[in-house]
J.: 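Right, I'll just put the structure down here and ask away after.
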Amino acid sequence: MRNSTEELHDGPRRRVGPLAALDGRLPGTHDLLLMQCPSSLRPLSGGELPQWARAVLRAHPWVTVGRAPSVVGTPVDVPYPQRCTRAPEAAPEHWIPVTARGPRPGQRLDALAPWAAVARTLRPERLAERRERLDPGRVAEIPALALLPEVGRLVADHRLTWGPIGAVGYELGTGIPVAGPLSPLRLVLRAPHPISRRDALQLRRALSKLPVPVQAELETRYGAVQLAEYAAGVHTFTLLTPYGPREVHDPWFLSHDPRRFPR
């Protein structure tokens, strides 16, 4: 028999230990992570977790993967939490850049999360289908949630894999009601191969006709560029990479390593 935790999150929580990456893929930007041990997070600013973050993560141990490089090894500036022991035979840990947010403005924590303490990963592509799990009344009162099927049809015309991110994506993944009636609909569009400016402009125009603001980004192999910027026909774009924003001429073909691009 499955317990309530397994039912809510589609499977048993993974045991903390050396065999964390069971699917062989580390989390990517915008993925949602269910933490097995939230107190194992390391704030990038150093020190202990803020009190608000402890309270939030105790109630809802979900974090969002940020766009920054992961780190391999054990940070030496913060002692390992005694409540989250790790198998001594485990390989060097992968530390994932994540963000936790609180209910009040300005409550944002950027941290590193150990991959071994991640119980579940949800990619944006899997979130739209979870709308059926929400209360119909909730969906009806949040336009960004109600319009997801229409967005899916528009994006499908361009054969792009997509998923909601931001507040809407977080609510779909966790079930926590954080989106509001005026929340924009943020999307990630997977674009490993180049798409034409014409197709981008057509999609941008179609999405702009929806009765909610839509903010879409094209995710390439090197980072993300805003759909609106790419469709506008400008000569250079701001490419969001794990190493910071870079000005590029083509988000699919870079002439330099993005780590060495001038900012």
Side-chain angles (χ1 to χ4, degrees), residues 28-33 56 60 62-67 98-108 122-192 195-220 223-234 237-240 245 251:
T29 306
H30 302 307
D31 284 3
L32 293 173
L33 306 182
V56 168
H60 309 294
W62 288 92
V63 293
T64 305
V65 178
R67 193 181 299 279
V98 300
T99 297
R101 288 182 171 85
R104 297 180 180 178
Q107 287 184 333
R108 172 190 172 110
L122 284 176
R123 304 199 74 190
E125 296 91 320
R126 300 180 58 187
L127 298 180
E129 63 190 35
R130 298 172 68 92
R131 192 186 76 140
E132 303 304 321
R133 305 184 180 203
L134 300 180
D135 181 86
R138 174 67 181 170
V139 174
E141 70 182 15
I142 307 296
L145 288 170
L147 287 169
L148 283 173
E150 177 62 20
V151 170
R153 287 189 287 270
L154 294 176
V155 177
D157 291 341
H158 297 269
R159 300 179 181 179
L160 293 172
T161 303
W162 69 285
I165 57 178
V168 170
Y170 187 87
E171 179 163 341
L172 289 165
T174 67
I176 305 168
V178 296
L182 299 180
S183 292
L185 181 55
R186 295 184 57 206
L187 307 175
V188 58
L189 309 174
R190 304 294 186 189
I195 66 173
S196 70
R197 294 285 186 91
R198 179 181 178 182
D199 286 344
L201 181 58
Q202 289 178 344
L203 178 57
R204 172 59 182 163
R205 286 175 174 172
L207 293 174
S208 66
K209 294 178 182 178
L210 296 175
V212 297
V214 179
Q215 302 166 2
E217 57 185 53
L218 296 168
E219 188 76 32
T220 75
V225 63
Q226 295 300 313
L227 174 67
E229 185 179 13
Y230 181 70
V234 297
F237 312 95
T238 300
L239 183 71
L240 303 178

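Worth knowing before you read on, the calculation uses all heavy atoms, side chains too, and leaves out hydrogens, waters and symmetry mates.
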J.: According to salt bridge (charged side-chain N to carboxylate O under 4.0 Å, His left out), does anything in residues 147-156 pair up with another residue at least two apart or in another chain? List the pairs.
T.: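 For residues 147-156: E150-R153.
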J.: Find out whether I142 and L134 are in side-chain contact, i.e. whether some heavy atom of one side chain is under 4.5 Å from a heavy atom of the other.
T.: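 In short, these two side chains do not touch, never coming nearer than 4.5 Å.
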J.: For P245 and L240, work out which heavy atoms get closest and say how close.
T.: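 Nearest heavy atoms, P245 then L240: CB-CD2, 4.2 Å.
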J.: Calculate, to the nearest 0.5 Å, the distance between atoms NE2 and CD belonging to H30 and E217 respectively.
T.: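 Reported value, rounded in 0.5 Å steps: 3.5 Å.
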J.: Is any side-chain heavy atom of I165 less than 4.5 Å from a side-chain heavy atom of L127?
T.: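 Contact flag for I165/L127 side chains = no.
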J.: Locate the shortest heavy-atom distance separating P164 from V168; write the atom from each residue and the value.
T.: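 In this case the closest contact between P164 and V168 is CB-CG1, 4.2 Å.
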J.: Could you tell me which non-hydrogen atom of R197 sits nearest to which non-hydrogen atom of G233, and how far apart they are?
T.: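 In terms of heavy atoms, the two residues are closest at NH1-CA, 2.7 Å.
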J.: Under the rule for salt bridge (charged side-chain N to carboxylate O under 4.0 Å, His left out), what residues qualify as partners of R138, not counting sequence neighbours?
T.: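 With sequence neighbours excluded, R138 shows a salt bridge (charged side-chain N to carboxylate O under 4.0 Å, His left out) to E141, E171, given in chain and number order.
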J.: Do you know which two heavy atoms are closest between D31 and P124, and how far apart they sit?
T.: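 Scanning both residues completely, I find the closest heavy atoms to be OD1-CD, 3.4 Å.
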J.: Mind checking the CH2-CD1 spacing from W62 to I176? Nearest 0.5 Å is all I need.
T.: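 W62 atom CH2 to I176 atom CD1 measures 8.5 Å (nearest 0.5 Å).
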J.: For the residue pair H158 and L189, establish whether any side-chain heavy-atom pair is separated by less than 4.5 Å.
T.: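 No - every pair of side-chain heavy atoms lies 4.5 Å or more apart.
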J.: Check step by step if side-chain contact (heavy atoms from CB on, under 4.5 Å) holds for D157 and Q202.
T.: CA-CA 10 Å; D157 291 341; Q202 289 178 344; over 6 Å; no
J.: Where the side chain of R67 meets the backbone of T29, is there a donor-acceptor pair that is under 3.5 Å apart?
T.: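 A pair under 3.5 Å: no.
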J.: Once you round to the nearest 0.5 Å, how far does OG1 of T161 lie from CD of E219?
T.: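 Rounded to the nearest 0.5 Å, the OG1-CD separation comes to 12.0 Å.
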J.: Quick one: list whatever passes ring-ring contact (aromatic ring centres under 6.0 Å, His included) with F237, sequence neighbours left out.
T.: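 Counting only residues at least two positions away or on another chain, F237 forms a ring-ring contact (aromatic ring centres under 6.0 Å, His included) with Y230.
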J.: Under 3.5 Å, is there a donor-acceptor pair between the side chain of R131 and the main chain of A146?
T.: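 Present.
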J.: How many angstroms lie between atom CZ of R190 and atom CG of L218, to the nearest 0.5 angstrom?
T.: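 Those atoms lie 11.5 Å apart.
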J.: Are the side chains of V214 and L147 in contact, using a 4.5 Å heavy-atom criterion?
T.: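 When only atoms from C-beta onward are counted, V214 and L147 do not touch, as no gap falls below 4.5 Å.
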J.: Do L210 and L154 have side chains that approach each other closer than 4.5 Å (heavy atoms only, starting at C-beta)?
T.: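 In short, these two side chains touch, coming nearer than 4.5 Å.
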J.: When you measure from the side chain of R186 to the backbone of Q215, do you find a donor-acceptor pair of N or O atoms at a distance under 3.5 Å?
T.: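 Looks like no, no N/O pair under 3.5 Å.
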J.: How close do W162 and G152 get, heavy atom to heavy atom, and via which atoms?
T.: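 Heavy atoms of W162 and G152 come nearest at CZ2-CA, 3.5 Å.
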J.: I'd like to know if the side chain of D199 and the backbone of S196 have a donor-acceptor N/O pair within less than 3.5 Å.
T.: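 No; zero donor-acceptor contacts below 3.5 Å.
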J.: Quick one: CD on Q226 to CG on L239, what's the gap to the nearest 0.5 Å?
T.: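 Separation between the atoms: 10.5 Å.
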J.: Looking only at heavy atoms, what is the nearest atom pair of A179 and A167, with distance?
T.: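 Shortest heavy-atom contact: CA-CB, 4.2 Å.
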J.: Do E229 and T238 come within less than 4.5 Å of each other through their side chains, counting heavy atoms only?
T.: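 Answer yes - side chains close enough.
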J.: What's the separation between atom CG in L227 and atom CD1 in I195, rounded to the nearest 0.5 Å?
T.: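 Nearest 0.5 Å value for the CG-CD1 distance: 6.5 Å.
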J.: Is any side-chain heavy atom of L203 less than 4.5 Å from a side-chain heavy atom of L160?
T.: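 Side chain of L203 against side chain of L160, heavy atoms only: contact under 4.5 Å found.
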J.: Do T99 and R108 have side chains that get closer than 4.5 Å, going by heavy atoms?
T.: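 In short, these two side chains touch, coming nearer than 4.5 Å.
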